[in-house]
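What follows is a single structure, written as structure tokens, with notes after it.
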Amino acid sequence: MARHLITSALPYINGIKHLGNMVGSMLPADVYSRYLRQRGHDVLYICATDEHGTPAELAAKEQGLPVAEFCAQAHDAQKAVYDGFALAFDYFGRSSSPQNVEITQHFARRLNENGFIEERAIRQVYSPTDGRFLPDRYVEGTCPHCGYDKARGDQCENCTRVLDPTDLIDPRSAISGSTDLEVRETKHLFLLQSKLQHEVEEWVARHEDDWPQLASSIARKWLNEGLHDRAITRDLDWGVPVPADTWPELAAEGKVFYVWFDAPIEYIGATKEWADQDPENRDWKSWWYEADGTVRYTEFMAKDNVPFHTVMFPATELGVREPWKKVDYVKAFNWLTYYGGKFSTSQKRGVFTDQALDILPADYWRYFLIANAPESDDSSFTWEHFTATVNKDLADTLGNFVNRVLSFSKKRFGEEAPAGGTPGEAEARLGEEIARLLAEYEQQMEALQFRKAAAALRALWSAGNSYLEEKAPWLEIKTDKDAAALTLRTAMNLIHLYAVVSEPFIPATSAAMRQAFTLADDTAAWVSADEAKSLSFVPAGTPFTVPPVLFAKLTDEDLETYKERFGGDTAA
């Protein structure tokens, strides 16, 4: 089996993330990782908090904490939420780790040796009020492209255009709000991306036909506009230091690397963090160095992160002139909106992941978000849609099927799976249908088409309900007890099958379904086509219990409560 390296966009350290962040990177990466593991692949799923840059400093200042202490606390808070969502990272690291410092400085030295870094004097925004140069994100103003009045000096959150602070109209300090700004000369390191343009174009050309259209079009747009040399250092107190052995003057001035230079390198750094916990059994370099023939690397991210991972970081890796693994497949997502308006961490708009877990267990959210993932277009979160999906798919189609099969069988046959007669035509048709739908589900998961995979999973659940309605064991038992027993045992086998194949989407519920049966040797990792046709995992005589209600139906009162708490009906 292949080795699969999987990463998702690093969540930024300043605050708990909203549902849009969850569905745009970490959750689909987790679903895919779980699926691959179940299919027998060797999987390494790596993520980390992105801890450098101005927002971390500003957030720490707002809370009155040293930035290192703030980041440590925020990392633990985010990790607790991701644990609550059952994200099965192999390792969740920190970009402030010593490993990332070491590897980032190595990359910078190699780029410099190869002629791709240049020291330049530039004119930069200085705030006399604050007594310091202002890095890009410390400058706010109006975007010259779309008119958004809260654009940052590195990128406009509204139109996603990359900016320099001097591009902004009516700029102001993000620290003090002062508009008394000057432009002074200072020195910084520049990554000479223009010298790498042709190599990046050739590399993208070899991959873009395999990528989703969203990812390839964004990469191609950046390349068509031309790669520009870009400053990769900042005047900050917090970040990966410029190494003094290579740039002593800049190191003495306290320069650190730009967060977008060191953050992608943290994927490698976090893998080394993982390996350093058990160095005798873990080899981080085998996943990243000279690994093109042995590792398939898949990245998950929302569209605003795509340029950095399809153009800027590949340029860095190419310029190092070492055989570091580059991404094979970029799974890019559009936006999840909240009633047509953007989720926003900075403006506290929408449902945040910790709030979601306070309302309902993770599986409710996991299923809804993946079933409505913004793959081809933006998709809108509304409480009405969420409630309808939970009630129809989870409570009625899956949960009700499990409950009525096990409850009725317990009532009429006791707490062991009944034997019944020999499977007949209905069971043969069911087996063929289940095998067909399972193949469809596998095909869509392999293709990373999550909405289509969710539809196939839903169809698998629906097939059980159709079989139950066709056989009607509540009527069969009146005239043919063995026939009713066969129907119920067949349905129990469907429940076990659902438990196995639903695990990537709803792991806690899958575990509850699987644990309903006391099987002596239940080691099934997946279900083959032949096993789907025969439906024989749960033999007659298997003890079982009726689990608690898997999914509670949401009421009109619940809907109104959610809308009152979070708002609804209008785009913000």
When you measure from the side chain of [X] to the backbone of [Y], do you find a donor-acceptor pair of N or O atoms at a distance under 3.5 Å?
X	Y	result
H18	G20	yes
Q38	A525	yes
R220	E208	no
N100	E266	yes
K79	F92	no
T542	P539	yes
Y364	L394	no
Y267	E299	no
Y338	G567	yes

With [X] via ring-ring contact (aromatic ring centres under 6.0 Å, His included) - residues at least two apart:
X	result
Y467	none
Y35	W526
F566	W383

Interatomic distance, [X] atom [atom1] to [Y] atom [atom2] [nearest 0.5 angstrom]:
X	Y	atom1	atom2	value
L460	L438	CG	CG	6.0 Å
E427	L535	CD	CG	9.0 Å
N334	S379	CG	OG	8.5 Å
L27	L369	CG	CG	6.0 Å
F352	L357	CZ	CG	14.0 Å
L488	I477	CG	CD1	7.0 Å

Hey, can you pull the donor-acceptor pairs under 3.5 Å for the side chains in residues 397-405, sequence neighbours left out?
{"residue": "T397", "atom": "OG1", "partner": "K392", "partner atom": "O", "Å": "2.7"}
{"residue": "R404", "atom": "NH1", "partner": "E469", "partner atom": "OE2", "Å": "3.0"}
{"residue": "R404", "atom": "NH2", "partner": "N465", "partner atom": "OD1", "Å": "3.3"}
{"residue": "R404", "atom": "NH2", "partner": "E469", "partner atom": "OE2", "Å": "3.1"}

Report task. If the plane angle is over 60° it's perpendicular, under 30° parallel, otherwise tilted; pick one for F517 and F544. Result ->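 The arrangement is tilted - the two ring planes meet at 30° to 60°.
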
With a 6.0 Å cut-off on the ring centroids, do [X] and [Y] count as close?
X	Y	result
F381	F368	yes
W287	Y297	no
F505	W461	no

Can you name the closest pair of heavy atoms from [X] and [Y] and give their distance?
X	Y	result
A491	L468	CB-CD1, 4.2 Å
V546	S407	CG1-OG, 3.6 Å
S96	E51	OG-OE1, 2.7 Å
F89	C47	CE2-CB, 3.5 Å
L486	G421	CD1-O, 3.6 Å

Query raised in the report: Which pairs count as side chain to side chain donor-acceptor pair (under 3.5 Å) when at least one residue sits in residues 483-495, sequence neighbours excluded?
Result: K471-T487, E476-T487

Query - side chain to side chain donor-acceptor pair (under 3.5 Å) partners of residues 416-425, not counting sequence neighbours, each pair once - result: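 Passing the test, one end in residues 416-425: E425-R429.
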
Query - Close side-chain approach of V31 to M445, heavy-atom, < 4.5 Å - result: yes

Query - Side chain to side chain, M492 and L406, heavy atoms closer than 4.5 Å - result: yes

Report task. List in chain and number order the residues that pass side-chain contact (heavy atoms from CB on, under 4.5 Å) with A332, two or more places apart in sequence or in another chain; answer none if no residue qualifies. Result -> L214, A215, V306

Answer yes or no: does atom [atom1] of [X] have more than 12 heavy-atom neighbours from other residues, nucleotides or ligands under 6.0 Å?
X	atom1	answer
K326	NZ	yes
D76	CG	yes
E470	CD	yes

Among side-chain atoms of [X] and [Y], is any donor-acceptor pair under 3.5 angstrom?
X	Y	result
D363	T509	yes
E273	Q277	no
T353	Y82	no
Q78	Y12	no

Query raised in the report: Salt bridge check: are K563 and E384 linked by an N-O gap of less than 4.0 Å?
Result: yes

Query raised in the report: Among pairs that include at least one residue of residues 445-467, which meet salt bridge (charged side-chain N to carboxylate O under 4.0 Å, His left out), considering only residues two or more places apart or in two chains?
Result: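 Matches after skipping sequence neighbours: D393-R458.
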
Report summary line: residues 503-528 vs salt bridge (charged side-chain N to carboxylate O under 4.0 Å, His left out), sequence neighbours excluded, gives R34-E503, R514-D522

Requested in this report: I would like to know whether K553 and D396 meet salt bridge (Lys or Arg N to Asp or Glu O under 4.0 Å); could you show each step before the answer?
Outcome: CA-CA 8 Å; K553 293 195 74 167; D396 288 344; 3.3 Å; yes

What residues form a side chain to side chain donor-acceptor pair (under 3.5 Å) with [X], not counting sequence neighbours?
X	answer
T555	D558
H75	T49
R37	D90

Query raised in the report: Where do Y91 and T271 land on the side-chain contact (heavy atoms from CB on, under 4.5 Å) test, with the steps shown first?
Result: CA-CA 7 Å; Y91 191 76; T271 307; over 6 Å; no

Report task. Decide yes or no on side-chain contact (heavy atoms from CB on, under 4.5 Å) for L437 and E433, but give the supporting numbers first. Result -> CA-CA 6 Å; L437 292 170; E433 177 69 357; 3.7 Å; yes

**Report entry** Cation-pi geometry met for K331 and F333 (6.0 Å, 45°)
**Finding:**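 Yes, K331 lies over the aromatic ring of F333.
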
